[in-house]
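A quick write-up on the structure given underneath.
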2 protein chains.
Amino acid sequence: MEPQVNAWSLPGGILGARENLNESVLRQLAEKVDVREVAHLEQLSIFSEPDRMPGPRTVASTFLGLIPRTADPHLPDDTSWHPVAALPEMAFDHRTMVLHAQSRLAAKLSYTNIAFALAPAEFTMSGLREIYCAALGYPVDATNLQRVLTRRAVLTPTGETARVGRSGGRPAALYRFSDRTLRVTDEFAALRPPG
Amino acid sequence: MEPQVNAWSLPGGILGARENLNESVLRQLAEKVDVREVAHLEQLSIFSEPDRMPGPRTVASTFLGLIPRTADPHLPDDTSWHPVAALPEMAFDHRTMVLHAQSRLAAKLSYTNIAFALAPAEFTMSGLREIYCAALGYPVDATNLQRVLTRRAVLTPTGETARVGRSGGRPAALYRFSDRTLRVTDEFAALRPPG
DNA sequence: ACAAAAGTGTTAGTTGTACACCCATGG
DNA sequence: CCATGGGTGTACAACTAACACTTTTGT
């Protein structure tokens with residue numbers, strides 16, 4: 001809509017009278033963009049500038065929602081996925097919202113098990129590594145990723161191995177996440193409680 | 001008010017038409033409880049359950065506000081400070097709000113310079129240690145606190161020393177915070193970018 | 001001289017990165 | 001038997017907690 005005809009905007013809508021914000025987000029994602037596999041949802045900032053949009057005063061409460069890499073919702077025609085590294089022109093304050101979400105995700109990847117919400121049920125270490133690289137924006141060593149996540153008991157080996165491609169190579173072990181709910185795995189970098 | 005006659009509630013109020021949420025918080029703290037020295041303010045969760053309070057539907061946006069230990073606002077008669085370790089009966093979901101704020105503060109003390117907002121302009125290490133102990137709820141070693149904050153360049157020595165009490169002892173060196181705005185000092189516990 | 005408070009040095013343990021090396025598979 | 005991708009072991013560096021020891025003051 002004017003004055004942002006060519007700009008993209010995030011999905012969103014009005015809070016219903018008998019729902020809380022989380023319910024509202026899940027409802028709108030399902031109704032508007034057919035996204036129904038939200039594995040993790042958390043609040044981000046509120047955007048409350050009086051003139052953030054034309055028209056009646058609105059306050060936008062933003063969320064970070066994660067779905068597994070394998071999800072493939074049936075997007076409507078006016079909707080599509082965009083890599084965060086190459087965002088199109090975005091309406092109002094929506095670019096800022098996306099950047100907030102990106103940095104929150106990057107931060108939580110380092111001290112929580114939040115990747116459970118991005119990975120499929122079972123995966124190889126190199127598959128998981130791709131997810132971390134994409135979300136963090138820099139290369140991650142699969143070796144050390146394995147060690148860190150194993151020490152923190154974030155990963156559980158399934159004992160199975162993945163089938164190998166036509167180019168050969170040793171078959172990769174399959175893992176799953178020990179928990180499928182957010183857990184802080186590295187609480188205090190410094191100033192831990194004594195004992 | 002009914003049905004929470006004897007319960008305490010946090011200061012708060014209605015968002016004005018021409019202010020954003022930050023401005024609203026600062027206005028309400030000043031007007032309602034004479035708190036005007038807010039050195040740091042950040043958003044916490046939104047509470048949006050449809051029935052969280054009787055009466056018309058409200059959505060509460062909560063904040064963590066920090067003021068220096070030396071601040072002494074003139075509180076109205078119906079208002080007082082309460083230690084988080086011994087909260088009185090609290091109205092509606094306000095206890096949950098306080099606990100959220102407490103854990104956010106504790107977390108940020110470990111990886112940011114957020115204590116600048118709690119300390120006076122100049123302070124001794126043992127004074128700062130008391131602040132950390134109170135906020136974290138467990139003893140903190142002044143020695144290691146000094147080392148950690150110095151290495152991260154969070155503290156700057158003033159060169160001055162504090163006057164010593166009547167019981168003797170070596171006079172303490174005075175420090176100030178290098179920045180008086182929030183800075184992340186220990187960004188990645190794990191999975192740092194290479195190089 | 002002694003007690004009290006502050007500051008320094010040392011040690012040991014944990015965690016993380018980097019990288020060389022070994023293993024399993026397909027062609 | 002070689003290329004390819006996966007997994008393991010080791011070396012090194014950084015950081016922290018704990019605590020003994022030294023320094024500086026007032027009485």
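Within every chain, numbering begins at 1; the chains are lettered A, B, ... in the order of the sequence lines, protein sequences first and strands thereafter. The figures here come from the full heavy-atom set of this structure, side chains too, leaving out hydrogens, waters and symmetry mates.
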Using 0.5 Å steps for rounding, measure from the CG atom of A:Leu191 to the OH atom of B:Tyr111. 13.0 Å
Under the side-chain contact (heavy atoms from CB on, under 4.5 Å) rule, collect the residues that match up with [X], sequence neighbours excluded.
X        : result
A:Arg52  : A:Phe47, A:Glu49, A:Thr58, A:Ala60, A:Asp93, A:His94, A:Met97
A:Arg27  : A:Glu19, A:Ser24, A:Glu31
A:Ala117 : A:Ala39, A:His40, A:Leu66
B:Ala134 : none

Output the rest of the hydrophobic cluster of A:Phe92: all Ile, Leu, Val, Met, Phe, Trp and Tyr residues reachable through side-chain heavy-atom contacts under 4.5 Å, sorted by chain and number. A:Met53
Could you list the cluster mates of A:Val5? Members are the ILVMFWY residues connected by side-chain heavy atoms closer than 4.5 Å, either directly or through other members. none
Nucleotides bounding contact with chain A, strand DNA chain C, heavy-atom threshold 4.0 Å: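 In short, chain A contacts DNA chain C from C:dT15 to C:dG27.
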Please classify the nucleic acid contact of B:Arg152 as base, sugar-phosphate, or nothing, using heavy-atom distances under 4.0 Å. sugar-phosphate
Considering every strand and a 4.0 Å limit on heavy-atom distances, what is the contact class for A:Arg147: base, sugar-phosphate, or nothing? base
Of B:Pro194 and B:Met125, the one whose closest DNA chain C nucleotide lies more 5':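 Residue closer to the 5' terminus by nearest nucleotide: B:Met125.
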The criterion is side chain to side chain donor-acceptor pair (under 3.5 Å); which residues satisfy it with A:Asp77, sequence neighbours excluded?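 Scan of A:Asp77 (side chain to side chain donor-acceptor pair (under 3.5 Å), adjacent residues dropped) gives none.
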Figure out the [atom1]/[atom2] separation between [X] and [N], and round it to whole Å.
X        : N      : atom1 : atom2 : answer
A:Phe188 : D:dT16 : CZ    : P     : 14 Å
B:Arg151 : D:dC15 : CZ    : P     : 5 Å
A:Leu149 : D:dT8  : CG    : C1'   : 17 Å
A:Leu128 : D:dG6  : CG    : P     : 13 Å

Pairwise ring pair (Phe, Tyr, Trp, His ring centres under 6.0 Å) hits with a residue in residues 130-157 of chain A, at least two apart: none
Looking at DNA chain C, which of residues 139-146 of chain A put a heavy atom within less than 4.0 Å of it? A:Thr143, A:Asn144
Report, one line per pair, each donor and acceptor closer than 3.5 Å where one atom sits in a side chain of residues 118-127 of chain B; sequence neighbours left out.
residue, atom, partner, partner atom, Å
B:Glu122, OE2, B:Arg176, NH2, 2.7
B:Thr124, OG1, B:Ser126, OG, 3.4
B:Thr124, OG1, B:Gly127, N, 3.0

Kindly say whether A:Ser48 contributes a backbone atom to a donor-acceptor pair with the side chain of A:Arg57 at under 3.5 angstrom?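 Yes, because the side chain of A:Arg57 sits within donor-acceptor range (under 3.5 Å) of the backbone of A:Ser48.
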Nucleotide N/O to protein N/O under 3.5 Å, stretch nucleotides 25-27 of chain D:
residue, atom, partner, partner atom, Å
D:dT25, O2, B:Gly169, N, 3.0
D:dG26, O3', B:Arg166, O, 3.3
D:dT27, OP1, B:Arg166, O, 3.1

